[in-house]
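Below: one structure, written as structure tokens.
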Protein chains: 2
Amino acid sequence: MYSIGDLSRKTGVKIPTIRYYEQMGLIAAPDRTEGNQRRYERRELERLSFIRHARDLGLSIEAIRELVELSQHPEKPCAGADEIAVEHLASVRAKIAQLKKLEHELERIVSHCAGHTVGDCYVIRALSDHGLCDGEH
Amino acid sequence: MYSIGDLSRKTGVKIPTIRYYEQMGLIAAPDRTEGNQRRYERRELERLSFIRHARDLGLSIEAIRELVELSQHPEKPCAGADEIAVEHLASVRAKIAQLKKLEHELERIVSHCAGHTVGDCYVIRALSDHGLCDGEH
DNA sequence: CTTGAACCTATAGTCGCTAGAGAGATTAGA
DNA sequence: TCTAATCTCTCTAGCGACTATAGGTTCAAG
């Protein structure tokens, strides 16, 4: 039996976050002591590690809910889990592409800034005038 | 004189967002008609384009507030603006690096998934067992 | 003058937590 | 057994940057 603090230390998930996950239905409401404190079993420790891991990979609570649901049914086809991961991978790649555009634009703006006053600062001018930009963003 | 709708169409910033920016102090509260509707001048159109542009580059409201403030004083040194842009560039790069790690991890997980049921699905197993992961994340 | 589009304010919701208050429970040591 | 320290409880509010909705008012074209 683990207290919520034990669980937190073992998984690296903060205590209020564990309670939040319970509220969101990612983990089941555990048994309580007579004094109303949560007591967990190994099963919940594993589930929470799973969640932690998925969050580290950037999956949304909603996606994790589906994965947790799936993982409870080992006999089902795994296409659903695969799809969630593939979709997430696509969105990660899209985000990288978008950030790279920003990176280039910012590099360009910063490197052009030779001004000493705001009046001739390329950073300010580039923001004021879209015409100075390289592409879409 | 532009209505809030005109401003929205010309800048691509949605109407509620314009009102939000006013509340946040990014744009000054404009004059009103007798019937209490906002009427803007060209000056505010330019300011809003500036803001839009900076938001597109991913700058925070707080950073934009500083840039707007600076742009009102063309005689000041532009080191402050430069610093904001450089710092933002660094944070964009950090985010890219983090996302690339996730990309690789997800690629690996997805490509290993040859299972037909959840029970032997690599996606689920990788999430359940951190030992299957490649590195830190 | 009528009508329909545009505008107003105020409030609540989004996501994934995090912080704080104030009260009660547990546990280790004396 | 008592006490003090630590842990845990619930509830509420806040973050950032909007977005949505409701219910009402004003504007402008015909």
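Letters go in sequence order (proteins before strands), and every chain restarts at 1.
Taking atom CD1 on I61(A) and atom P on dT18(C), their separation rounds to 11 Å, with Å as the unit. The CD1-C1' distance, from I51(A) to dC17(C), rounds to 14 Å in whole Å. Spacing between atom CZ of R32(A) and atom C1' of dA25(C) amounts to 13 Å, rounded to whole angstrom units. At whole-Å resolution of the value, CZ in R9(B) and P in dA5(C) are 14 Å apart. What separates CZ of R65(A) from C1' of dG16(C) is a distance of 12 Å, to the nearest Å. Regarding Q37(A), its CD atom lies at a distance of 17 Å from the P atom of dA23(C), rounded to whole Å. Put simply, CZ on R52(A) is 16 Å from P on dG16(C), counting in whole angstrom units. Taking atom CD1 of I27(A) as the reference point, atom P of dC17(C) lies 12 Å away to the nearest angstrom.
A distance-only check finds no donor-acceptor pair linking the side chain of E87(A) to the backbone of I84(A) [under 3.5 Å]. No donor-acceptor pair under 3.5 Å is formed between the side chain of H88(B) and the backbone N or O of A63(B).
Nearest-nucleotide mapping onto DNA chain C: of T33(A) and Y40(B), the residue sitting toward the 5' end is Y40(B). Comparing G35(B) and S60(B) by the nucleotide of DNA chain D that holds the closest heavy atom to each, the one mapping nearer the 5' end is S60(B).
Nucleotides of DNA chain D that come within less than 4.0 Å of any heavy atom of chain A span, from the 5' end to the 3' end, dT8(D) to dT10(D).
In this structure the side chain of L48(A) never reaches within 4.5 angstrom of the side chain of L45(A), judged on heavy atoms. Annotation: side chain of R125(B) is not in contact with side chain of H112(B) (no heavy-atom distance under 4.5 Å).
To the nearest 0.5 Å, the span separating NZ on K100(B) from NZ on K100(A) amounts to 3.5 Å. Of the inter-residue distances, the one linking I64(A) atom CD1 with L70(A) atom CG reads 13.0 Å to the nearest 0.5 angstrom. From E103(B), atom CD reaches atom OG of S91(A) across 11.0 Å, with rounding to the nearest 0.5 Å.
For R42(B), the CZ atom counts as loosely surrounded, since its 6.0 Å shell holds 12 or fewer non-hydrogen atoms of other residues, nucleotides or ligands.
Cluster membership check: V123(B) shares its hydrophobic cluster with V68(A), using side-chain heavy-atom separations under 4.5 Å among Ile, Leu, Val, Met, Phe, Trp and Tyr.
Ion pairing between E62(B) and R65(B) holds under the 4.0 Å rule for side-chain N and carboxylate O. The pair R43(B)-E46(B) fails the salt-bridge criterion, with no side-chain N (NZ, NE, NH1 or NH2) lying under 4.0 Å from an Asp/Glu carboxylate O.
The bend of the helix from dC1(C)-dG30(D) to dA30(C)-dT1(D), defined by the angle between the axes of its first five and last five pairs, stands at 10° to the nearest 10°.
Checking the phosphate oxygens (OP1, OP2) of dC8(C), a side-chain nitrogen or oxygen of R38(B) falls inside 4.0 Å.
At a non-hydrogen distance threshold of 4.0 Å, Y20(A), Y21(A) from residues 19-26 of chain A come into contact with DNA chain C.
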